[in-house]
Amino acid sequence: MHHLGGQFQRITGRTLTLHIIKLCVGCDSIEDLRDWQTERLRSFKKRGHKLELKHTTRMVPKRREEILDGGSLYWVIKGYVAVRQRLLDIRPFVDKEGVSRCHLVYDKDIVMVSPRPRRAFQGWRYLEAKEAPPDIRTVRGGLPEKLQRELAELGLL
């Protein structure tokens, strides 16, 4: 697909949007993720740090341009793709031990998506736009997370 994406870019001048998917380790719910991120931003503000959310990873995405062309970080929570946050930047750096790493900088707005089962995996993976679950519209926004998962399992969401 990467080769086709390059051909599309050369012909049209546009890139194809690409996303990243990652396990949300340590979170049992969307509310846990929201609370953790809110607390993190509070802590940054208190210490006078830049108010931005970022995830540190060892592997630097090579397809930066496609990701930053509207891509999001999709979080897998308790075995389901549950939410996404728009990716704002990808910042490679070298840590104190001399290891290459990367910050995935993402928007604070959490967008719920139609729950989709996803097996555990290590690190992060690319997620093609056509494979990404759709955003949940406001009609479903009021449903409890557990109920949404159950409805998704039954194929009703």
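The chain is numbered in sequence order, starting from 1.
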Value for NE2 (H55) from SG (C24), rounded to nearest 0.5 Å, stands at 9.5 Å
Rounded to the nearest 0.5 Å, what's the gap from CD1 on I67 to CG on L104? Could you check?
7.5 Å
List the steps and the verdict of salt bridge (charged side-chain N to carboxylate O under 4.0 Å, His left out) for R91 and E52.
CA-CA 13 Å; R91 297 185 195 140; E52 66 181 7; 2.6 Å; yes
Could you grab the distance from atom CD of E66 to atom OG1 of T17, nearest 0.5 Å is fine?
8.5 Å
Same cluster or not: are Y74 and V25 linked, directly or through other Ile, Leu, Val, Met, Phe, Trp or Tyr residues, by side-chain heavy atoms under 4.5 angstrom apart?
yes
If hydrophobic clusters are built from ILVMFWY residues whose side chains come within less than 4.5 Å, do V99 and F93 share one?
no
Value for CD (Q122) from NZ (K22), rounded to nearest 0.5 Å, stands at 9.5 Å
Do R64 and D89 touch side chain to side chain, with heavy atoms closer than 4.5 Å?
yes
Heavy atoms, side chains only, cut-off 4.5 Å: are P61 and I20 in contact?
yes
Quick one: are Q37 and Y106 in side-chain contact, heavy atoms under 4.5 Å?
yes
Indicate the atoms forming the closest heavy-atom contact of C102 with I90, along with that distance.
SG-CG2, 3.4 Å
Cluster question for you: counting only ILVMFWY and a side-chain heavy-atom cut-off of under 4.5 Å, with indirect links fine, are L73 and M59 together?
yes
Quick one: do R63 and E128 make a salt bridge, cutoff under 4.0 Å?
yes
Can you find a pair of side-chain heavy atoms, one from P134 and one from R116, that are under 4.5 Å apart?
yes
Here the gap from R40 atom CZ to H49 atom NE2, rounded to the nearest 0.5 Å, amounts to 10.5 Å
Over all atoms of both residues, closest heavy-atom pair of A132 and H19:
CB-CD2, 3.9 Å
Any D69 side-chain heavy atom under 4.5 Å of E65 side chain
no
Side-chain contact, heavy-atom cut-off 4.5 Å: I136 with P115?
yes
Membership question, hydrophobic clusters at under 4.5 Å side-chain separation (ILVMFWY): are V60 and Y126 in the same one?
no
Looking at every non-hydrogen atom in both residues, tell me the closest pair between Q85 and L53 and how far apart they are.
NE2-CD1, 4.1 Å
For L88, the rest of its hydrophobic cluster, which grows through side-chain links under 4.5 angstrom
V105
Heavy atoms, side chains only, cut-off 4.5 Å: are I30 and W75 in contact?
no
Distance, nearest 0.5 Å, that separates CD1 of I21 from CZ of R125
10.0 Å
Any Lys/Arg nitrogen of R84 or D135 sitting under 4.0 Å from an Asp/Glu carboxylate oxygen of the other?
yes
Looking only at heavy atoms, what is the nearest atom pair of L51 and K45, with distance?
CD2-N, 3.4 Å
Between T38 (side chain) and R34 (backbone), is there a donor-acceptor pair under 3.5 Å?
yes
Between V113 and F121, is there shared hydrophobic-cluster membership here, with clusters defined by ILVMFWY side-chain heavy atoms closer than 4.5 Å?
yes
